[in-house]
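Here the structure comes first, spelled out in structure tokens, and everything after it is commentary.
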Amino acid sequence: MSDIVKLQFVVKPNQVSLWSSICTLLAEGGSGAKLQDLFDDLKADAGDLLDEFFEEFDSEQLYAENWHQEANRFEIELLAGGFGEDLIEALEPIFLQLPVEGFVANLGSDSGS
């Protein structure tokens, strides 16, 4: 059984394409410097918000098992192994500084519970 962290948020309409690129990168197993560059496109120096995150987690650990977009609402499911609570704790302060609204992070598992 593996933890799944579900992130839900609404973005500005002019940033939908950028968020789609971020989600695609995460679904392809990419992150690190590329992700930081995309975050910088969201908000100046936002990529720096990931510095501490990548000190605690390997970039390979930020993997989107699934993502969904409806208009400017996004849902990203991150595969979190057994460290879902730690992942939420690390990501919440980052997302709260990004230009998103209604950010919610939930912990579930791949067993459906």
Side-chain angles (χ1 to χ4, degrees):
M1 182 171 73
S2 181
D3 290 344
I4 301 288
V5 171
K6 186 183 291 186
L7 308 177
Q8 298 172 304
F9 52 93
V10 176
V11 304
K12 295 178 181 179
N14 66 339
Q15 292 187 329
V16 168
S17 177
L18 185 54
W19 274 104
S20 293
S21 296
I22 290 170
C23 292
T24 300
L25 178 67
L26 293 175
E28 293 173 349
S31 60
K34 289 180 183 179
L35 183 63
Q36 288 181 296
D37 289 345
L38 289 172
F39 269 45
D40 283 340
D41 290 342
L42 289 172
K43 177 181 169 185
D45 298 323
D48 295 343
L49 299 171
L50 295 170
D51 286 342
E52 283 185 40
F53 178 86
F54 288 130
E55 288 176 15
E56 184 175 349
F57 298 95
D58 292 332
S59 61
E60 298 84 35
Q61 291 179 295
L62 195 55
Y63 172 72
E65 182 175 63
N66 195 6
W67 68 278
H68 177 73
Q69 173 210 345
E70 187 173 315
N72 61 331
R73 177 175 295 279
F74 281 81
E75 182 177 294
I76 306 171
E77 293 180 3
L78 301 172
L79 190 58
F83 59 93
E85 290 180 13
D86 295 334
L87 188 61
I88 289 173
E89 193 173 297
L91 288 174
E92 278 184 333
I94 293 170
F95 272 80
L96 292 176
Q97 294 180 63
L98 295 176
V100 300
E101 294 181 3
F103 175 77
V104 177
N106 294 303
L107 179 61
S109 72
D110 60 2
S111 67
S113 57

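Nothing fancy with the numbering, it's 1 onward along the sequence.
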(request) Return the minimal non-hydrogen interatomic distance between S31 and L26, and the atom names on each side. (result) CB-CD2, 4.3 Å
(request) Return each pair, listed once, that meets side-chain hydrogen bond (donor to acceptor under 3.5 Å, both in side chains) where at least one residue sits in residues 69-89; pairs must be two or more places apart or across chains. (result) Q8-E75, S20-Q69
(message) Less than 4.5 Å apart, side chain to side chain, heavy atoms only: is that true for V10 and V100?
(response) no
(request) Give the cluster check for Y63 versus F54: same hydrophobic cluster or not, with ILVMFWY residues linked at side-chain heavy-atom distances below 4.5 Å. (result) no
(message) Less than 4.5 Å apart, side chain to side chain, heavy atoms only: is that true for L7 and F103?
(response) yes
(request) Hey, could you give me the CD1/CG distance between I22 and L25, rounded to the nearest 0.5 Å? (result) 8.5 Å
(message) How close do F53 and A90 get, counting heavy atoms only, and between which atoms?
(response) CD1-CB, 3.7 Å
(request) Assess whether atom CD of E92 is packed by more than 12 heavy atoms of other residues, nucleotides or ligands within 6.0 Å. (result) yes
(message) Please evaluate residues N106 and V5 with respect to the criterion side chain to side chain contact (heavy atoms under 4.5 Å, CB included), reporting the C-alpha separation (whole Å), side-chain torsions for both, the decisive distance (0.1 Å), and the verdict.
(response) CA-CA 6 Å; N106 294 303; V5 171; over 6 Å; no
(request) Over all heavy atoms of both residues, which pair between I88 and A105 is shortest? Give the atoms and the distance, please. (result) CG2-CB, 4.0 Å
(request) Give the intermediate values and the outcome of side chain to side chain contact (heavy atoms under 4.5 Å, CB included) for residues I4 and S109. (result) CA-CA 5 Å; I4 301 288; S109 72; 5.6 Å; no
(message) One pair to check against side chain to side chain contact (heavy atoms under 4.5 Å, CB included): F39 and L50. What are the steps and the verdict?
(response) CA-CA 9 Å; F39 269 45; L50 295 170; 4.0 Å; yes
(request) For the pair Q97 (side chain) and P93 (backbone), establish whether a donor and an acceptor sit closer than 3.5 Å, ignoring hydrogens and angles. (result) yes
(message) Do D51 and Q36 have side chains that approach each other closer than 4.5 Å (heavy atoms only, starting at C-beta)?
(response) yes
(request) Find out if a path of hydrophobic residues (ILVMFWY) with successive side-chain heavy-atom gaps under 4.5 Å connects L96 to L91. (result) yes
(message) For F9 and F95, take the angle between the two ring planes, folded into 0 to 90°, and tell me which bin it lands in: parallel under 30, tilted 30 to 60, perpendicular over 60.
(response) tilted
(request) Taking all non-hydrogen atoms of both residues into account, name the closest pair between L98 and A46 and its distance. (result) CD2-CB, 3.8 Å
(request) Could you label the plane-to-plane angle of the F74 and W67 rings as parallel, tilted or perpendicular, counting under 30° as parallel and over 60° as perpendicular? (result) parallel
